[in-house]
Amino acid sequence: MYKNNDDVLNIVYKINESLTYDIDNKGVVTILEKQNHKVQNFFRKLKFKIPEYKKIAFDEYASFVFLQIDGIKTVKEIGEALELKFGDKAHPVYERLLLFLNHIEVNSRYITKIEN
């Protein structure tokens with residue numbers, strides 16, 4: 001558990017190696033989640049048109065943050081870059097950033113923490 005704010009700001013994340021995603025020419029990230037549940041596969045065999053991937057497109061803020069995650073930058077460095085790029089539109093920076101990072105780590109499993 002983290003004892004203070006500095007501990008939280010020094011967390012480093014990396015993108016999961018098994019994650020598939022695309023980046024368009026505007027820098028928008030689209031996550032491609034494989035849909036290979038046995039029910040989906042069964043209906044595909046019956047010639048139903050079920051997409052092989054579910055596409056989840058991030059907005060410009062989420063895309064920017066996601067592309068900053070490199071296994072080296074800390075949460076604080078990502079927050080500073082976010083504030084530099086988007087200015088006041090990104091405020092409150094760390095509250096929003098930590099909420100997003102927690103979501104894509106815990107709920108979506110797109111990223112993992114690197115233990116120091």
Side-chain angles (χ1 to χ4, degrees):
M1 198 68 201
Y2 302 104
K3 294 183 174 84
N4 57 42
N5 288 342
D6 288 337
D7 288 347
V8 173
L9 294 178
N10 287 319
I11 297 172
V12 176
Y13 290 97
K14 70 174 183 170
I15 297 172
N16 285 332
E17 295 169 8
S18 62
L19 184 66
T20 305
Y21 60 94
D22 287 331
I23 305 167
D24 71 9
N25 57 356
K26 295 179 183 176
V28 174
V29 174
T30 301
I31 305 294
L32 303 171
E33 287 186 6
K34 186 114 172 113
Q35 297 195 80
N36 59 355
H37 189 272
K38 59 185 176 185
V39 172
Q40 293 166 324
N41 291 334
F42 172 76
F43 280 106
R44 278 192 198 104
K45 288 179 184 176
L46 295 176
K47 305 296 184 205
F48 282 83
K49 292 183 181 181
I50 297 175
E52 201 169 328
Y53 290 94
K54 176 171 67 170
K55 296 180 180 181
I56 302 166
F58 286 163
D59 65 6
E60 63 181 321
Y61 300 100
S63 294
F64 179 80
V65 169
F66 185 80
L67 294 173
Q68 295 292 309
I69 298 169
D70 60 2
I72 299 169
K73 292 184 183 109
T74 64
V75 170
K76 183 177 182 183
E77 292 169 329
I78 294 171
E80 289 168 350
L82 187 63
E83 191 167 22
L84 189 63
K85 180 162 175 77
F86 294 103
D88 288 343
K89 292 190 287 183
H91 287 194
V93 175
Y94 292 103
E95 291 87 346
R96 293 172 74 182
L97 176 59
L98 290 168
L99 187 64
F100 174 69
L101 291 172
N102 183 62
H103 175 72
I104 65 172
E105 178 197 15
V106 175
N107 298 336
S108 303
R109 292 180 169 59
Y110 299 158
I111 61 173
T112 55
K113 285 180 193 151
I114 295 178
E115 298 299 324
N116 297 348

Exercise. Is there a donor-acceptor contact under 3.5 Å from the side chain of Glu83 to the main chain of Glu80?
Worked result: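 No.
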
Exercise. Counting distance only, does the side-chain N/O of Thr30 pair as donor-acceptor with the main-chain N or O of Asp22 below 3.5 Å?
Worked result: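 Side chain of Thr30 to backbone of Asp22: no pair is present.
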
Exercise. Pairs in or reaching into residues 31-46: which pass salt bridge (Lys or Arg N to Asp or Glu O under 4.0 Å), with residues at least two apart or in two chains?
Worked result: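 Counting only pairs at least two positions apart or across chains, the salt bridge (Lys or Arg N to Asp or Glu O under 4.0 Å) contacts touching residues 31-46 are Glu33-Lys54, Lys34-Glu52.
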
For this session: Scan for salt bridge (Lys or Arg N to Asp or Glu O under 4.0 Å) pairs involving residues 61-71, sequence neighbours excluded, and state none if there are none.
Result: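 Qualifying pairs, neighbours excluded: Asp70-Lys73.
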
Exercise. In a check of side chain to side chain contact (heavy atoms under 4.5 Å, CB included) between Leu101 and each of Val106, Val75, Ile11, Val8, which one passes?
Worked result: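 Only one of Val106, Val75, Ile11, Val8 forms a side chain to side chain contact (heavy atoms under 4.5 Å, CB included) with Leu101, namely Val75.
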
In Å and rounded to the nearest 0.5 Å, what is the [atom1] to [atom2] distance from [X] to [Y]?
X      : Y     : atom1 : atom2 : answer
Tyr110 : Asn16 : OH    : CG    : 10.5 Å
Gln40  : Phe48 : CD    : CZ    : 13.0 Å
Ile78  : Leu97 : CD1   : CG    : 6.5 Å
Ser108 : Ile56 : OG    : CD1   : 6.5 Å

Quick check: is [Y] connected to [X] through a chain of hydrophobic side chains (ILVMFWY, heavy atoms under 4.5 Å apart)?
X     : Y     : result
Ile50 : Phe42 : yes
Phe66 : Val28 : no
Ile15 : Tyr53 : no

Problem set entry | Centroid separation Phe100 to Tyr61 less than 6.0 Å |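 Ring centres of Tyr61 and Phe100 not closer than 6.0 Å.
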
Exercise. Between Ile72 and Val12, is a side-chain contact (heavy atoms from CB on, under 4.5 Å) present by the stated rule, with each step listed?
Worked result: CA-CA 6 Å; Ile72 299 169; Val12 176; 5.6 Å; no

Exercise. Between Lys14 and Thr112, does a side-chain contact (heavy atoms from CB on, under 4.5 Å) hold up when you go through it step by step?
Worked result: CA-CA 6 Å; Lys14 70 174 183 170; Thr112 55; 3.6 Å; yes

Exercise. Which is it for Lys55 and Leu32 under the side-chain contact (heavy atoms from CB on, under 4.5 Å) test, yes or no, and what are the steps along the way?
Worked result: CA-CA 5 Å; Lys55 296 180 180 181; Leu32 303 171; 3.5 Å; yes

